[in-house]
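First up is the structure itself, then whatever we jot down about it.
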There are 2 protein chains.
Amino acid sequence: MPTERSYHHGDLRRAVLTAALDVIATEGPAALSLRDLARRAGVSHAAPAHHFKDRAGLLTAVATEGYGFLSAALGEAEDLRDLGVRYVGFAAAHPAHFQIMFRPELLRPDDSELLAARQQTRSMLRTAVQGHGEDPAVSFMAAWSMAHGFATLLLSRNLDDLLDGRDPEDTFGALAGVMFGPTGSPWS
Amino acid sequence: MPTERSYHHGDLRRAVLTAALDVIATEGPAALSLRDLARRAGVSHAAPAHHFKDRAGLLTAVATEGYGFLSAALGEAEDLRDLGVRYVGFAAAHPAHFQIMFRPELLRPDDSELLAARQQTRSMLRTAVQGHGEDPAVSFMAAWSMAHGFATLLLSRNLDDLLDGRDPEDTFGALAGVMFGPTGSPWS
DNA sequence: CTTTAATCTTGTCAATGACTAGATCGCGCT
DNA sequence: AGCGCGATCTAGTCATTGACAAGATTAAAG
C-alpha cells in the first residue's frame, strides 16, 4: 500500500495527532516519541515539528482538543448526575485526551487556545452545579472531585476488580445517585 | 564542599531516591533523568543502575515507599471522614509519591514488594469503609473517588482559585462532611 | 590476611528532541 | 497561463539520555 502522496502528506497534523492519541492511550505519554510518530505517518523525523513546534506543542494540541470534546459532551447533560456520567464517559472514550489535560507540566502553560478551551469547560461545570448545595465552591469541588476521581481511578485500572465487569458509566450513575440522589443531602 | 567520601557513597540508594522525589515533585516524572540524579549525588552516570536496575525500577521503589507512607497515615484515622482527610494530606505532603503510585505504565507491574504494599493499603481502605452504605463496593468506590479526585485536582493545580488560600485538608474535611456527614445519606 | 561480593567507574551504542539549512510544492495574483 | 511566495517537508547535525558490558575499588565475612 504505497500511500506515497509524494512530497506533501495532505493532513500530517491530524495523522500525527491521531497516532499520538493511540500511543498515549496504550503506553502512556512517556512512551511518546516524535520521531516514531513521524515514522508512522511516513514522513521525515522533523516534519511534525512544523505543525507542533515541539513535544509540548503536540501535547498542548491534544489537551485543547480534549477540552473541546469534553465541553461538547457536557453541553448535552440533563441534570447533575448526567453531567457526572458524561464526564466519566468522556474519560473512558478519550483516555489519551483526558490524561494529558490534567498533566500541566507537559503543556505550554500560556497557550491561548488551551486556556480558552479549558475556561470554556470550567464555566460549563460551574453553571451546571449552580444552585446545588449551600456553598457553591464547595459543591463544585465535591461534584468535580467525585467524577474526576472515579475517572482517574478507572483509567489507572484501579477499579477493575471493584467494577467486576459492570459498565463504568452505569456504575458511576448509581454511585452518584447514592450521594447526589433525590433523598437527603443538599443535592437535588 | 567536597563530599568526596571516596569510592563508595555510603547511602546512594537513599540519595538518588530523595533527589528523584525532588525532581518529580517540581517538574514531574517526565523530567526525571537517571544521569542527572547521578550527577546530583556526585557519582558516575551508571551508579544508580546498580541499586534500581533501570528507570522503572527506581519509580517502582518510589511507589512502594509511597504505599508504605500512605498505609501508615491511614492507620491512625479515627473515622471515615478523617480517613479521607489523611488521604488528601498524604497527597499534599508527598506529591511525588502520590503521582507515581497511580501511573502503572511507569512501574514494574509484577514487582512483589510493590504489589504487597499496594495490597496492604487497599485492604486498609476497604475495612475502613466497611459498614457504611448498602453496597460495600459502591461505597468504597464513592469514598475513594471523592478523596482521590480531590487529591488529584489539588496536585494538578486545578483547585487553586476555588480554594483561594484555604487549607486543602480542612476544605476536604468540610466537603466530605457535606456528603458523608451525620445527616442524611447512608454515610454515618 | 585473604577471599568474595557489593559498590562504583569508564566506555560504548542506539535512540531521541531540538535546531538549521535547504528542497519541493501548492496556491493566489496578475 | 505562468510566476512567485509561503507553507510544507527533507536532510544533516549536536547534545543528552537509557541501557549495557567490563573492569576497578572497597567493605566485610571468614
Side-chain angles (χ1 to χ4, degrees), chain A residues 2-24 26-63 100 103 105-109 111 113, chain B residues 2-24 26-63 100 103 105-109 111 113:
Chain A
T3 48
E4 320 306 328
R5 280 285 171 199
S6 73
Y7 209 90
H8 283 62
H9 180 281
D11 196 3
L12 181 58
R13 181 184 165 89
R14 173 89 332 246
V16 169
L17 226 29
T18 303
L21 293 172
D22 183 34
V23 173
I24 296 170
T26 60
E27 306 174 64
L32 197 151
S33 151
L34 292 181
R35 291 174 103 106
D36 179 50
L37 299 180
R39 249 171 265 135
R40 294 188 184 214
V43 297
S44 89
H45 63 86
H50 194 272
H51 293 273
F52 303 104
K53 170 71 177 172
D54 58 10
R55 192 187 170 81
L58 168 60
L59 296 178
T60 300
V62 169
I100 299 303
R103 212 149 292 181
E105 76 275 10
L106 301 179
L107 309 176
R108 300 197 158 283
D111 183 275
E113 293 186 43
Chain B
T3 49
E4 319 308 327
R5 280 283 171 200
S6 73
Y7 210 88
H8 284 61
H9 179 281
D11 196 1
L12 181 58
R13 182 184 165 90
R14 177 51 27 207
V16 169
L17 226 30
T18 303
L21 292 173
D22 184 34
V23 173
I24 295 170
T26 60
E27 306 174 65
L32 197 152
S33 151
L34 292 181
R35 290 173 106 105
D36 179 50
L37 299 180
R39 251 172 262 134
R40 295 187 184 215
V43 295
S44 88
H45 64 85
H50 194 272
H51 292 274
F52 302 104
K53 169 70 177 173
D54 57 11
R55 193 187 169 81
L58 168 61
L59 295 178
T60 300
V62 169
I100 299 302
R103 212 148 294 180
E105 77 275 9
L106 301 179
L107 309 176
R108 300 198 158 282
D111 183 274
E113 293 185 44

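Chain naming here is simple, since letters A, B, ... match the order of the sequence lines and numbering starts at 1 in each. As a basis for the values below, the full set of heavy atoms in this structure was taken, side chains included, without hydrogen atoms, waters or symmetry mates.
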Expressed as a whole number of angstroms, how long is the span from A:Asp11:CG to C:dC25:C1'? 17 Å
Is B:Arg55 reaching over with its side chain to a backbone N or O of B:Leu32, donor-acceptor style, under 3.5 angstrom? yes
If I take atom CG from residue B:Leu106 and atom CD1 from residue B:Ile24, how far apart are they, to the nearest 0.5 angstrom? 9.0 Å
If we only count heavy atoms from C-beta on, is the A:Arg108 to A:Asp54 side-chain gap below 4.5 Å? yes
For A:Asp11, side chain to side chain donor-acceptor pair (under 3.5 Å) partners two or more places apart: none
Here the pair of heavy atoms bringing B:Leu12 nearest to B:Pro48 is CD2-N, 4.4 Å
D:dC9 phosphate, OP1 or OP2, under 4.0 Å from A:His51 side-chain N/O: yes
If you take any heavy atom closer than 4.0 Å to DNA chain D, which residues from residues 12-23 of chain B end up in contact? none
Nearest 0.5 Å, what's the CG-CG distance between B:Leu17 and B:Leu58? 6.5 Å
For B:His50 and C:dA5, give me the distance from atom NE2 to atom P, rounded to whole Å. 12 Å
For B:Ala61 and B:Arg13, work out which heavy atoms get closest and say how close. CB-NH2, 4.0 Å
For nucleotides 14-22 of chain D, just jot down a letter per nucleotide in 5' to 3' order: B, S or -, based on protein non-hydrogen atoms under 4.0 Å. ---SBBB--
Flag side-chain contact, heavy atom, 4.5 Å: B:Arg103 against B:Leu107: no
